**Q** 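Please find one structure pasted underneath; my questions will follow.
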Amino acid sequence: MSSLIGRSILVSGKVQGVFYRASTLEEANKLGLKGWVKNLPAGEVFIEVFGESGAVEKLIAWCKGGPPMSKVSNVSIKEIAFREERIFEITY
């Protein structure tokens, strides 16, 4: 039985200018997840994601590779409280 969870994900490496946010949005929508993704000024990508634990784990696994042009060097994950969100979106 799956439970609803929340995670924050900080992705470092060559992850800006390589369609990382757009690809994360596409992947999250495929998995039925909610939340958001944005670029940070220091060059990382930050994600907050909410949904079924199995789907969240699949997104985390995807984040470790990212889209074809990215080069992920580190993925840091923190547990956060589940929140109801309407959609998954790119924020600025």
Side-chain angles (χ1 to χ4, degrees):
M1 185 163 149
S2 201
S3 59
L4 297 173
I5 63 170
R7 296 290 182 269
S8 69
I9 307 165
L10 181 65
V11 186
S12 306
K14 183 181 175 192
V15 293
Q16 290 190 13
V18 294
F19 303 103
Y20 201 99
R21 288 177 302 161
S23 298
T24 302
L25 173 68
E26 185 179 321
E27 197 65 25
N29 284 332
K30 278 192 231 173
L31 294 167
L33 297 169
K34 310 296 185 211
W36 50 269
V37 58
K38 72 176 183 176
N39 284 341
L40 296 180
E44 301 102 342
V45 169
F46 187 73
I47 303 159
E48 281 199 354
V49 62
F50 307 95
E52 293 287 336
S53 59
V56 171
E57 291 304 321
K58 285 180 183 174
L59 183 69
I60 290 169
W62 178 88
C63 286
K64 293 176 181 177
M69 293 186 347
S70 70
K71 186 173 170 110
V72 176
S73 62
N74 190 51
V75 176
S76 177
I77 302 144
K78 290 186 181 169
E79 242 181 80
I80 58 175
F82 176 80
R83 289 194 317 260
E84 287 289 338
E85 296 282 336
R86 294 181 308 110
I87 59 173
F88 194 93
E89 63 186 336
I90 295 171
T91 62
Y92 299 93

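No experiment lies behind these values; they were computed from the predicted model shown. Residues take their numbers from the sequence shown, with the count starting at 1.
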**Q** Just verifying a value: how many Å separate E79 CD and S8 OG, rounded to the nearest 0.5 Å?
**A** 10.0 Å
**Q** What donor-acceptor contacts under 3.5 angstrom involve side-chain atoms of residues 58-74, with partners at least two apart or in another chain?
**A**
residue: S70; atom: OG; partner: G65; partner atom: O; Å: 3.2
residue: S70; atom: OG; partner: P67; partner atom: O; Å: 2.8
residue: S73; atom: OG; partner: S12; partner atom: O; Å: 3.3
residue: S73; atom: OG; partner: G13; partner atom: N; Å: 3.4

**Q** Do I80 and L4 sit in one hydrophobic cluster, given that two such residues count as connected whenever their side-chain heavy atoms are within less than 4.5 Å of each other, even indirectly?
**A** yes
**Q** Give a yes or no on this: more than 12 heavy atoms of other residues, nucleotides or ligands lie within 6.0 Å of atom CZ of F46.
**A** yes
**Q** Verify the cluster assignment for V75 and I5: are they in a single hydrophobic cluster under the rule of side-chain heavy atoms below 4.5 Å apart?
**A** yes
**Q** For the CZ atom of R7 and the OG atom of S76, what is their distance to the nearest 0.5 Å?
**A** 12.0 Å
**Q** Taking V45 as the starting point, is it possible to reach I90 by hopping between hydrophobic residues whose side chains are less than 4.5 Å apart?
**A** yes
**Q** With ring pair (Phe, Tyr, Trp, His ring centres under 6.0 Å) as the rule and sequence neighbours excluded, what pairs involving residues 71-92 come up?
**A** none
**Q** What about L10 and V49, same hydrophobic cluster or not, with Ile/Leu/Val/Met/Phe/Trp/Tyr joined at side-chain heavy-atom distances under 4.5 Å?
**A** no
**Q** Please tabulate, for side-chain N and O atoms in residues 24-44, each donor-acceptor pair with protein atoms closer than 3.5 Å (sequence neighbours left out).
**A**
residue: T24; atom: OG1; partner: Y20; partner atom: O; Å: 2.7
residue: N29; atom: ND2; partner: L25; partner atom: O; Å: 3.3

**Q** Kindly write out the residues that satisfy salt bridge (charged side-chain N to carboxylate O under 4.0 Å, His left out) with E48, not counting sequence neighbours, or none if the list is empty.
**A** R83
